[in-house]
There are 2 protein chains.
Amino acid sequence: MRADAQKNYAHILTVARDVFTEQGADASIRDVARKADVGLGTLYRHFPTREALFEALLRSSFNTLERRADELQSLEPADQAIVTWLREIVEIACSLRGVIAAMVAAIEEPDSALHASCVTMKASGTRLLERAQAQGLARSDMDGADLFALVGALTWIQDQPSLAGRGERLFGIISGAILLGGAV
Amino acid sequence: MRADAQKNYAHILTVARDVFTEQGADASIRDVARKADVGLGTLYRHFPTREALFEALLRSSFNTLERRADELQSLEPADQAIVTWLREIVEIACSLRGVIAAMVAAIEEPDSALHASCVTMKASGTRLLERAQAQGLARSDMDGADLFALVGALTWIQDQPSLAGRGERLFGIISGAILLGGAV
DNA sequence: ACCTGAACACCGTTCAAGT
DNA sequence: ACCTGAACACCGTTCAAGT
């Protein structure tokens, strides 16, 4: 990539993070280009879809979480590992308010820029769940797709301004429902 | 209301139901006016906001649910009453895909056309929850606002096409977490 | 009393023209 | 190789002019 292009790429991301943080995931792409002082075409060249922008903004978080999931896979007890993972993925998804709908949709859209990250993330969760189930620590009547849906639901709750402050309690209630031991 | 106005009002609602059913709650208002063969101003005169359209479309369902909640209040056992209520409110909210976000936001927006319905609905749920709690059938560490948030989460899950088919199982898991008896 | 649609200020996306 | 912004087809909302 040419030096000027690289600079534009990085600068667009910085501005996009600000705009999305302020206005949520459905903020105006045009507004991002305007605030970044680049032509609309330049933004579209680097990020052909809104999802491509999301992916670039979340990539490092996704990567960190992936390594973390590997660590957690050998952490005992298995139920605590899954709750810790849940807490971390929900926090990442919340960092870009409203992006969770795109992430959940991406699971069944192979062409989405978010597809690979979300499939990987879902697979990590599935492994953690299956280990807890094998040890009798998680309910056996659910699968990785259900866990992924619960990540969506928890994140959605956190995203709603009118539900502010209830996230922690509801996290406890829902994550407690996955486990067999009882309270978290 | 003049006869022609009344006819327009009813016809807009019929068309709006079709358009929202097909495209979800964020469908184009302009498109509704176009398909109803009325001027844009006519639509805005009858329904000054998108929420006013939602409210009119859901009003009879809300009213039915309100009467139903009164019945359920004296239905034994109290835990079964709350689960039945949950099932019915989630089904109503799902009938207009995507409207749940507006409903949850309306709780803290007194000027929203959806405010009164949602406050009433939340109050019904709270009464049912408190009765179950008094009988030791529901966990005591949550309140009506938490229950309302769970209605939101359950409806959101049902709204996501990529999570189709998991609604029933997740309903069981989450509603089971509210109750103390265990499985639903 | 009610209806209409032009007008305004936006938006996402594409692509010919420039450097 | 990359950037620009006009052009196109939309959108929500308002309001003067009509019946």
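The figures here come from the full heavy-atom set of this structure, side chains too, leaving out hydrogens, waters and symmetry mates. Order of the sequence lines sets the chain letters (A, B, ...), proteins ahead of strands, with each chain counted from 1.
With rounding to whole Å, A/Lys7 atom NZ is found 17 Å from D/dA1 atom C1'. Nucleotide C/dC10 holds its C1' atom 14 Å from the NZ atom of A/Lys35, rounded to whole Å. Regarding B/Asp4, its CG atom lies at a distance of 5 Å from the P atom of C/dC3, rounded to whole Å. Nucleotide C/dG12 holds its P atom 10 Å from the CG atom of A/Leu43, rounded to whole Å. Distance, A/Ile29 CD1 to C/dT14 C1': 15 Å, rounded to whole Å. For the pair A/Tyr44 OH and C/dC11 P, the interatomic distance rounds to 11 Å; values are reported in whole Å. What separates CZ of B/Arg50 from P of D/dT13 is a distance of 7 Å, to the nearest Å. Taking atom CG of A/Asp37 as the reference point, atom C1' of D/dG5 lies 14 Å away to the nearest angstrom.
Look at B/Arg34 and you won't find any side-chain N or O under 4.0 angstrom from OP1 or OP2 of C/dT4. Between B/Asn8 and the phosphate of C/dC2, there is no side-chain N or O to OP1/OP2 separation shorter than 4.0 Å. Taking only side-chain nitrogens and oxygens, B/Arg45 comes nearer than 4.0 Å to OP1 or OP2 of C/dC2. Contact annotation: B/Arg30 side-chain N/O to D/dA9 OP1/OP2 distance is not under 4.0 Å. For C/dC2, the OP1/OP2 oxygens have no side-chain nitrogen or oxygen of B/His46 closer than 4.0 Å. Considering only side-chain N and O atoms, A/Ser28 lies under 4.0 angstrom from the phosphate OP1 or OP2 of C/dG12.
Positionally, the nearest nucleotide of DNA chain C for A/Asp31 lies more toward the 5' end than for the other of A/Asp31 and A/Thr42.
For A/Arg2, counting side-chain heavy atoms from C-beta on, the closest listed nucleotide (C/dC2, D/dT13, D/dC2) is D/dC2. Taking only side-chain atoms of B/Leu40, from C-beta outward, the nucleotide of D/dT13, D/dG5, C/dC3 with the closest atom is D/dT13.
Side chain to side chain, A/Asp79 and A/Gln135 fail the donor-acceptor criterion of an N or O pair below 3.5 Å. No side-chain N or O of A/Thr120 forms a donor-acceptor pair with one of A/Glu66 less than 3.5 Å apart.
The partner of D/dT19 is C/dA1, by the rule that a Watson-Crick or G-U pair needs both atom distances under 3.5 Å. Searching all strands for a Watson-Crick or G-U wobble partner of D/dA6 with both distances below 3.5 Å returns C/dT14.
A pairwise comparison of heavy atoms in B/Ala106 and B/His115 identifies O-ND1, 2.7 Å as the closest pair.
Around CD of B/Glu22, the count of heavy atoms belonging to other residues, nucleotides or ligands within 6.0 Å does not exceed 12.
Ionic pairing of B/Arg127 and B/Glu130 is not present here: no N-O contact between side-chain nitrogen and carboxylate oxygen is shorter than 4.0 angstrom.
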